[in-house]
Peer 1: 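Got a structure here, written out as structure tokens. Questions coming.
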Number of protein chains: 2
Amino acid sequence: MASADQKPQQKAGIDGAGARMRLRVPSVAERVAEELRYQLAEGFLVPGAKLTEATIAEDLGVSRNTVREAFAELATERLLVRHPNRGVYVATLEAGDIHDVYTVRRAIEVSSIRAGGSPERIAAVRAAVEEGKRAAAANDNEGLGSANQHFHGAIVALAESGRLNTIMAQVLAEMRLYFHKATMNAHFYSDWLKENEQICSALESGDLERAGDLLLAYLNRSEQQQTTIHGQ
Amino acid sequence: MASADQKPQQKAGIDGAGARMRLRVPSVAERVAEELRYQLAEGFLVPGAKLTEATIAEDLGVSRNTVREAFAELATERLLVRHPNRGVYVATLEAGDIHDVYTVRRAIEVSSIRAGGSPERIAAVRAAVEEGKRAAAANDNEGLGSANQHFHGAIVALAESGRLNTIMAQVLAEMRLYFHKATMNAHFYSDWLKENEQICSALESGDLERAGDLLLAYLNRSEQQQTTIHGQ
DNA sequence: ATCGCTGGATTGTTGAACAATCCGGTAATT
DNA sequence: AATTACCGGATTGTTCAACAATCCAGCGAT
């Protein structure tokens with residue numbers, strides 16, 4: 001945790017060792033941000049759409065100022081863009097942005113997998129692979145997509161770095177803005193199902209070099225696919 | 001300067017081709033954030049210090065709500081931490097955070113340098129090296145520190161990725177929180193002055209593999225130094 | 001020393017207000 | 001007809017004042 005000179009909180013009776021009673025009720029602004037994030041990921045709000053403060057404030061039954069705070073948060077996450085004095089809009093990814101996003105992913109994913117990770121973290125990667133297989137067997141496209149995101153999230157989690165994790169989470173959130181419907185034809189997934197398996201087993205066998213190379217190759221190909229689909 | 005892709009705005013007669021008249025007056029909240037960032041980097045606000053909304057609002061002559069917006073921004077940059085219902089404090093880096101920060105730096109800096117860059121970007125790296133030499137000759141410790149930051153910023157800039165640049169800018173801003181006073185003994189710098197030179201010439205000669213290795217070694221050593229100084 | 005209470009201070013959130021800015025359309029100009 | 005100037009409505013940027021919720025320190029009672 002960031003700083004926190006938390007004084008050793010006395011654990012009375014019931015509370016297990018080190019287990020902190022995290023009952024934190026998220027603030028209203030945070031919940032508004034969360035709701036918007038949800039609607040963005042779900043495709044309710046399409047890229048380019050305009051969000052007017054007053055409308056959303058009324059819709060969610062909160063103050064305009066609070067909406068403003070939420071907007072600020074989502075803007076720094078690049079999910080929304082602010083046009084000063086003109087309003088906030090749902091972010092749209094141009095061709096350049098796709099390359100940009102993949103540049104970030106190459107940097108942090110490859111670096112994370114090359115450094116290996118604890119058995120538990122590796123097990124988490126394996127779990128994501130299996131999750132993907134199950135989704136494929138069930139013909140669950142939705143589930144396939146999120147399984148893939150879990151897979152790549154688990155790879156970054158190998159590094160045990162809170163900062164890398166939040167960066168990755170933001171990047172994935174950005175990508176969810178596009179992946180929505182459209183662009184969702186199945187023979188995409190058929191590829192990386194096998195590929196994730198390969199990467200994972202390379203990781204499990206300790207061949208980090210190979211795992212990194214495979215992952216890098218995948219990311220390069222994925223970027224190319226995305227650009228041919230989206231940008232021109 | 002967070003990132004700043006300031007284009008050299010030449011105001012020819014009326015309006016050059018495609019040159020957008022970027023006169024953008026930053027919003028009040030942005031200026032408050034900027035002012036706080038400045039005070040943080042300058043060491044005016046020490047890690048752990050508490051910032052009360054009302055006080056700062058009055059000091060800067062702005063509304064409490066505006067201060068709030070600025071706080072939110074700086075909190076997502078990890079320069080401030082919010083303790084719900086208790087206030088915001090200047091972030092403090094624990095031992096774990098140092099490792100975390102260096103994990104991010106290893107990921108993005110090494111990845112960036114390994115991919116090479118355009119001659120102009122490489123020239124920028126060289127410029128940072130020379131800036132460091134000049135500062136050393138002038139015995140300017142302050143200048144030495146910022147030259148080093150410019151050097152590493154220039155390395156990330158090789159990748160031409162806006163997202164990586166902002167991430168790096170934030171990480172560097174975080175580190176500035178510590179580097180202040182203390183930890184500033186000169187024989188630190190004597191090392192990396194030579195080392196930056198080596199890295200840079202390896203980069204210039206196209207030996208990206210070697211450049212990456214040198215950079216990685218530097219980062220590892222730097223992390224170790226920081227932990228021995230700071231953490232216990 | 002521990003517990004519980006209470007008052008004061010700060011944060012979280014709201015609602016209303018107003019200035020600044022932008023947008024579209026209409027009128028005036030060339 | 002095309003361009004310019006202007007005007008009104010709408011939205012954002014910012015402030016202000018209020019209030020509920022929460023936390024903190026102190027104090028007294030057990």
Side-chain angles (χ1 to χ4, degrees), chain A residues 1-15 20-37 45 48-76 79-91, chain B residues 13-15 20-37 45 48-76 79-91:
Chain A
M1 301 306 123
S3 65
D5 293 69
Q6 247 71 297
K7 27 204 64 173
Q9 43 205 133
Q10 68 289 11
K11 63 301 294 301
I14 325 226
D15 165 18
R20 52 186 76 176
M21 267 303 226
R22 275 256 159 273
L23 238 311
R24 280 245 15 249
V25 177
S27 84
V28 177
E30 280 169 14
R31 274 176 307 181
V32 170
E34 193 56 41
E35 171 65 18
L36 290 178
R37 258 188 286 259
L45 295 170
K50 168 166 188 182
L51 304 187
T52 45
E53 299 179 351
T55 310
I56 294 196
E58 194 166 8
D59 283 1
L60 299 179
V62 301
S63 158
R64 195 158 74 89
N65 269 323
T66 307
V67 172
R68 216 139 208 295
E69 257 185 70
F71 278 0
E73 185 172 336
L74 296 178
T76 70
L79 297 181
L80 303 180
V81 285
R82 273 191 124 110
H83 284 226
N85 288 318
R86 290 154 118 255
V88 307
Y89 298 79
V90 179
Chain B
I14 313 288
D15 167 23
R20 55 185 82 174
M21 266 304 223
R22 275 250 154 283
L23 237 313
R24 279 240 25 244
V25 177
S27 84
V28 176
E30 280 168 14
R31 273 175 309 183
V32 170
E34 194 56 40
E35 171 64 19
L36 290 178
R37 259 189 287 259
L45 295 171
K50 169 167 187 180
L51 304 187
T52 42
E53 299 179 351
T55 310
I56 294 196
E58 194 166 9
D59 282 2
L60 299 179
V62 300
S63 156
R64 195 158 75 88
N65 269 322
T66 308
V67 172
R68 215 141 210 293
E69 256 186 71
F71 279 179
E73 185 173 337
L74 296 178
T76 69
L79 296 181
L80 302 180
V81 284
R82 271 192 127 110
H83 284 226
N85 288 319
R86 289 154 121 256
V88 306
Y89 297 79
V90 179

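Numbers restart at 1 for each chain; the letters A, B, ... are given by sequence-line order, proteins then strands.
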Peer 1: Calculate the interatomic distance between A:Glu58 atom CD and C:dA16 atom P; express it in whole Å.
Peer 2: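 Distance check: A:Glu58 CD to C:dA16 P gives 11 Å.
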
Peer 1: Return the polar atom pairs (N/O with N/O) between nucleotides 13-15 of chain C and the protein under 3.5 Å, or none.
Peer 2:
{"residue": "C:dT13", "atom": "OP1", "partner": "A:Val28", "partner atom": "N", "Å": "2.5"}
{"residue": "C:dT13", "atom": "O4", "partner": "B:Arg64", "partner atom": "NH2", "Å": "3.2"}
{"residue": "C:dT14", "atom": "OP2", "partner": "A:Ser63", "partner atom": "N", "Å": "3.2"}
{"residue": "C:dT14", "atom": "OP2", "partner": "A:Thr66", "partner atom": "OG1", "Å": "2.3"}
{"residue": "C:dG15", "atom": "O6", "partner": "A:Asn65", "partner atom": "ND2", "Å": "2.9"}

Peer 1: Quick one: is A:Arg82 getting a side-chain N or O under 4.0 Å of the D:dT12 phosphate, OP1 or OP2?
Peer 2: no

Peer 1: Mind checking whether A:Ile56 and A:Leu36 have side chains closer than 4.5 Å, heavy atoms only?
Peer 2: yes

Peer 1: Identify whether the distance between the nearest side-chain nitrogen and carboxylate oxygen of A:Arg37 and A:Glu34 falls below 4.0 Å.
Peer 2: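 A:Glu34 and A:Arg37: salt-bridged.
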
Peer 1: Given 3.5 Å as the limit, does a donor-acceptor pair link the side chain of B:Thr52 with the main chain of B:Ala54, or not?
Peer 2: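 Answer holds: no.
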
Peer 1: With a 4.5 Å heavy-atom cut-off, do B:Leu60 and B:Val67 have their side chains touching?
Peer 2: no

Peer 1: My understanding is that only residues two or more places apart in sequence, or in another chain, count here; which of them pass side chain to side chain contact (heavy atoms under 4.5 Å, CB included) with B:Thr76?
Peer 2: A:Thr76

Peer 1: If the condition is salt bridge (charged side-chain N to carboxylate O under 4.0 Å, His left out), which residues does A:Glu58 pass it with, not counting sequence neighbours?
Peer 2: none

Peer 1: Check salt bridge (charged side-chain N to carboxylate O under 4.0 Å, His left out) between B:Glu30 and all other residues, then give those that pass, not counting sequence neighbours.
Peer 2: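 Only B:Arg24 meet the salt bridge (charged side-chain N to carboxylate O under 4.0 Å, His left out) criterion with B:Glu30.
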
Peer 1: If each of A:Arg86 and B:Phe71 is mapped to the nucleotide of DNA chain C with the nearest heavy atom, which maps nearer the 5' terminus, i.e. the 5' end?
Peer 2: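 That would be B:Phe71.
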
Peer 1: Who are the side chain to side chain contact (heavy atoms under 4.5 Å, CB included) partners of B:Glu53, not counting sequence neighbours?
Peer 2: B:Arg64, B:Arg68, B:Phe71, B:Arg82

Peer 1: Can you tell me the distance, in whole Å, between the CG atom of A:Asn85 and the P atom of D:dA10?
Peer 2: 18 Å

Peer 1: Identify all pairs in which a protein N or O lies below 3.5 Å from an N or O of nucleotides 4-9 of chain C, and state each distance.
Peer 2:
none

